Amino acid sequence: MKQQQSVFSGIQPTGEIHLGNYLGAIKNWASLLGKYECIFCIVDYHAMTIEYDVKAMQNNIHNAVLDNIACGLDPEKCTIFVQSDVPEVTELTWVLSTVTPMGDLSRMTQFKEKSKQHEQNINVGLFSYPVLQTADIILYKASWVPVGEDQVQHVELAREIVRDFNRRYGDVFPEPQALLTQARRVMGLDGKTKMSKSLSNTIALNETYDSLKKKIMGAITDEDRKRRHDPGNPDICNIMRYHEFFPGDDDLEKIDRECRTAEIGCVDDKKMVIDRIWEFLEPVQQKRAELAATEGYVEGVLQEGALRARKIAQDTMAEVREACGLRKYPLR
Ligand code: TRP
């Protein structure tokens, strides 16, 4: 019997992360540690499909590792590695591209959107991005892929590619399945749009207490509540959602009640939520600073992760080569 089922997810090395990233993804991943064999990959090959800052790449990877570990991805309990440290994934991508219909790829929503955003650079890599993503997942024979709504279509395609591969070459891969994050959408400070770096409405992981305070104090609450003594409506107040994400020891029912009866105003409410969010951020920032100050720490995690990942990847590729009638690796 195979030991534990595997979980795989990819992390874009796109710089500064925020509470939307944490609540929408990392928190969920951290809850899977110990229950599954978890593998997390910083997807630098994927990042190359749009124009990027070559000089910033290594720094972005370094920061992504620190942020994710500080938020709970304990490298003692999971594998964290960089995609390009296991180049076998590109070999599998090639093999899979020979069983992937072009029509399926051209129907991908993300491809259509990115083609619009990057009209000057619609490259073949952008088109076959989901094939590389499939290779990521199945190289490690992962059964579960914890992702947000926007990636479900890619995981569905991965299942189809696996079915086509297995039909043609024999039962090599399990069909992976998306594991949807439970968290509701995390709205930005404007209370209207999803928290997103490109919309400048985020609370960053590295926010100082003062900048956190300033941002929350300026955040939109219940817009129908015009004066301090008007009753509030927590159902439509984004700050109440932040309370729910970071309850701490607060009595949320009491806050809800006192808001509706105007015993507390938005400012009182915001002061409480600032403290709760800070109770989360402060230790995360401390941990991150400690890890960042430890010489060679990130490099050590990535080296070890790459060795572990590569071992699995080479075993899988040996199977794939045999199944497809290719030669054995000549130099192993
Ligand atoms: N495409 C994913 C995203 O944009 C990142 C990713 C790459 C991924 N490879 C993956 C996610 C494998 C899950 C599994 O967020």
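All ligand and atom numbering here is 1-based and tracks the order in the structure. These figures come from a predicted structure and were not determined experimentally.
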Going through the checks in order, is the ring pair (Phe, Tyr, Trp, His ring centres under 6.0 Å) test met by Tyr140 and Phe81? CA-CA 12 Å; Tyr140 306 97; Phe81 75 103; 5.5 Å; yes
Take Asp74 and Lys77 through the test side chain to side chain contact (heavy atoms under 4.5 Å, CB included) and record every step on the way to the result. CA-CA 5 Å; Asp74 180 350; Lys77 297 190 187 136; 3.9 Å; yes
How far apart are the C-alpha atoms of Phe111 and Phe127, what are their side-chain angles, what is the distance that settles it, and do they pass the ring pair (Phe, Tyr, Trp, His ring centres under 6.0 Å) test? CA-CA 6 Å; Phe111 173 67; Phe127 186 66; 5.1 Å; yes
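The proximity of Ile11 to ligand 1, defined as any non-hydrogen pair under 4.0 Å, does not occur for either the backbone or the side chain.
The distance criterion of under 3.5 Å between nitrogen or oxygen atoms is not met by His154 with respect to ligand 1. For a threshold of 3.5 Å applied to N or O pairs, the pair formed by Ser9 and ligand 1 contains no separation below that value. Distances between N or O atoms of Gln151 and those of ligand 1 include at least one value under 3.5 Å.
If you run side chain to side chain contact (heavy atoms under 4.5 Å, CB included) between Asp256 and each of Glu244, Met240, His243, only Met240 comes through. Partner of Glu88 under the salt bridge (Lys or Arg N to Asp or Glu O under 4.0 Å) criterion, chosen from Arg321, Lys311, Arg310: Arg310.
Ligand 1 places these atoms under 4.0 Å from at least one heavy atom of Asp136: 7 (C), 9 (N), 10 (C). Short contacts between ligand 1 and Ile137, defined as distances under 4.0 Å to a heavy atom of the residue, involve ligand atoms 12 (C), 14 (C). Distances below 4.0 Å separate heavy atoms of Gly10 from the following atoms of ligand 1: 5 (C), 6 (C), 8 (C), 10 (C), 11 (C), 12 (C), 13 (C), 14 (C). Interface of Val145 with ligand 1, defined as ligand atoms under 4.0 Å from a residue heavy atom, comprises 13 (C), 14 (C). Listed by number with element, the atoms of ligand 1 under 4.0 Å from a non-hydrogen atom of His46 are 7 (C), 9 (N).
Annotation: atom 1 (N) of ligand 1 to nearest protein heavy atom, Tyr129 OH, 2.7 Å. Nearest to atom 10 (C) of ligand 1 among the protein's heavy atoms is Gln133 CG, 3.5 Å.
Cluster note: Val152 groups with Leu180 through ILVMFWY side-chain heavy atoms spaced under 4.5 Å, whether in direct contact or through intervening members.
Taking the six-membered ring wherever Trp is involved, the centroid distance between the rings of Phe245 and Phe280 does not fall below 6.0 Å.
Remark: Leu302 pairs with Ile61, Val65, Ile80, Val82, Val298 by the side chain to side chain contact (heavy atoms under 4.5 Å, CB included) rule, at least two apart or across chains.
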